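Single-structure report; data block below.
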Amino acid sequence: MQRLAMDLRMLSRELSLYLEHQVRVGFFGSGVGLSLILGFSVAYACYYLSSIAKKPQLVTGGESFSRFLQNHCPVVTETYYPTVWCWESRGQTLLRPFITSKPSVQYRNELIKTADGGQISLDWFDNCNSRCYMDATTRPTILLLPGLTGTSKESYILHMIHLSEDLGYRCVVFNNRGVAGENLLTPRTYCCANTEDLETVIHHVHSLYPSAPFLAAGVSMGGHRHMFVKQIDMDHVMKAKSIREFDKRFTSVMFGYQTIDDYYTDASPNRRLKSVGIPVLCLNSVDDVFSPSHAIPIETAKQNPNVALVLTSYGGHIGFLEGLWPRQSTYMDRVFKQFVQAMVEHGHELSSM
């Protein structure tokens, strides 16, 4: 920080001398306009480097997990440089779907039945051409969980699959009920607090490849109307003007919660972090409008040696754009790739620490 302050003071002094010289040369000449542009650019660069570009905060419940991440997932300790013209939360959140590319992925779809008579749609990327893991029975499998209303077609899911393909891994995308074009067979969708469908998918995938390393990556939270009209006043639901109103009129009613607060309490990760028994890495921006800094369970995470939080100052909600024109990769992509590779290739170190 001292070196940065010295560099900024030196840069400011040189800029002042330059501007003074340009004004003496000719106020009405083109040099003044150039000086103003240069001055603004230097001032913006100084502000960006001193206030925007920062190293993330790494919160862990144990020294061994922290050392593991620093050794094998160094991106979590490196400075994150948000896109210089789009670092603010809302800009990152809104622009990501339109800016980032959508790699081409060919899926194999599978429908599995649930105990209540419903069905779940899984989209597989088998990566049959994997050179690193030619044996399909031991090829690492990554279960990808899209966010609210998300499917296997989301750009962030496609990027994860593209990165996994480079590593030689197989991927399977869990599409929540009713969001991937499949018909709802029962009057039930999904919510943050209910994990029955996820448990069904995990058991199914693991039974297919019991000898393969198995990991999961979820994003954000990680419908067909006619199925609900007998249970819920859908006209009232569709008039909701906020997520809380929707959850109060629909989600909490469908899953049997007496109040909206009961649902939010049950869905909060605070109640479950203490019982996490496998290594979990969570990436969150403190300027996330949907998961703000005050809602991040930092103190709870510190109590579990299997949990690590990576908290960036900027990035928005599933944004994490970086570079001048962030088409091909985001900070989230780099965290995902390094962490899954670290767990597959070096995960055994955690059990021996």
Side-chain angles (χ1 to χ4, degrees), residues 61 93 112-121 143 145-151 174-180 182-204 216-278 280 282 284-286 288-304 306-307 309 317-318:
T93 302
I112 61 175
K113 298 296 183 181
T114 60
D116 68 338
Q119 65 181 6
I120 301 172
S121 174
L143 174 62
L145 314 174
L148 182 67
T149 74
T151 69
F174 166 34
N175 298 295
N176 284 299
R177 300 194 195 194
V179 298
E182 304 297 338
N183 292 328
L184 281 173
L185 302 184
T186 59
R188 171 180 170 177
T189 56
Y190 56 94
C191 75
C192 298
N194 190 278
T195 59
E196 292 179 5
D197 284 356
L198 177 58
E199 293 171 8
T200 298
V201 170
I202 290 175
H203 289 308
H204 174 72
V219 179
S220 188
M221 190 205 78
H224 306 293
R225 172 176 173 143
H226 69 277
M227 295 300 300
F228 306 105
V229 293
K230 294 182 179 179
Q231 294 181 323
I232 299 174
D233 184 352
M234 290 304 297
D235 290 332
H236 184 56
V237 170
M238 299 308 292
K239 294 178 182 178
K241 297 181 179 180
S242 67
I243 295 177
R244 184 179 179 85
E245 285 188 2
F246 179 84
D247 285 338
K248 181 178 181 180
R249 300 174 184 182
F250 183 79
T251 311
S252 60
V253 175
M254 181 173 63
F255 285 91
Y257 292 98
Q258 293 187 353
T259 67
I260 182 64
D261 291 328
D262 289 340
Y263 165 53
Y264 283 160
T265 298
D266 195 33
S268 172
N270 280 305
R271 301 175 62 253
R272 295 179 171 83
L273 275 184
K274 293 182 181 180
S275 61
V276 172
I278 59 175
V280 172
C282 305
N284 204 117
S285 170
V286 297
D288 189 327
V289 294
F290 295 105
S291 180
S293 57
H294 68 267
I296 301 174
I298 294 179
E299 295 305 318
T300 305
K302 291 180 179 178
Q303 301 174 25
N304 190 328
N306 295 308
V307 175
L309 306 181
H317 185 69
I318 327 178

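The shown structure was predicted, so the numbers you read here are calculated from the model rather than taken from an experiment.
Put simply, the side chain of Thr93 gets close to the backbone of His317: a donor and an acceptor are under 3.5 Å apart.
Summarising the geometry of Leu309 relative to Pro297, their closest heavy-atom pair is CD1-O, 4.1 Å, with the distance given to 0.1 Å. The minimum heavy-atom distance linking Thr300 with Lys274 is given by the pair CG2-CG, 3.9 Å.
Annotation: salt bridge (Lys or Arg N to Asp or Glu O under 4.0 Å) contacts of Glu199 (sequence neighbours excluded): none. For Asn304, the side-chain contact (heavy atoms from CB on, under 4.5 Å) partners are Val276, Asn306, Val307, not counting sequence neighbours. For Ile112, the side-chain contact (heavy atoms from CB on, under 4.5 Å) partners two or more places apart in sequence, or in a different chain, are Glu110, Ile120, Leu122, Thr200, Val201, His204.
Side-chain atoms of Phe174 and Asp197, non-hydrogen and from C-beta on, do get closer than 4.5 Å to each other.
We find the CG-NE2 distance between Leu198 and His203 to be 9.5 Å, quoted to the nearest 0.5 Å.
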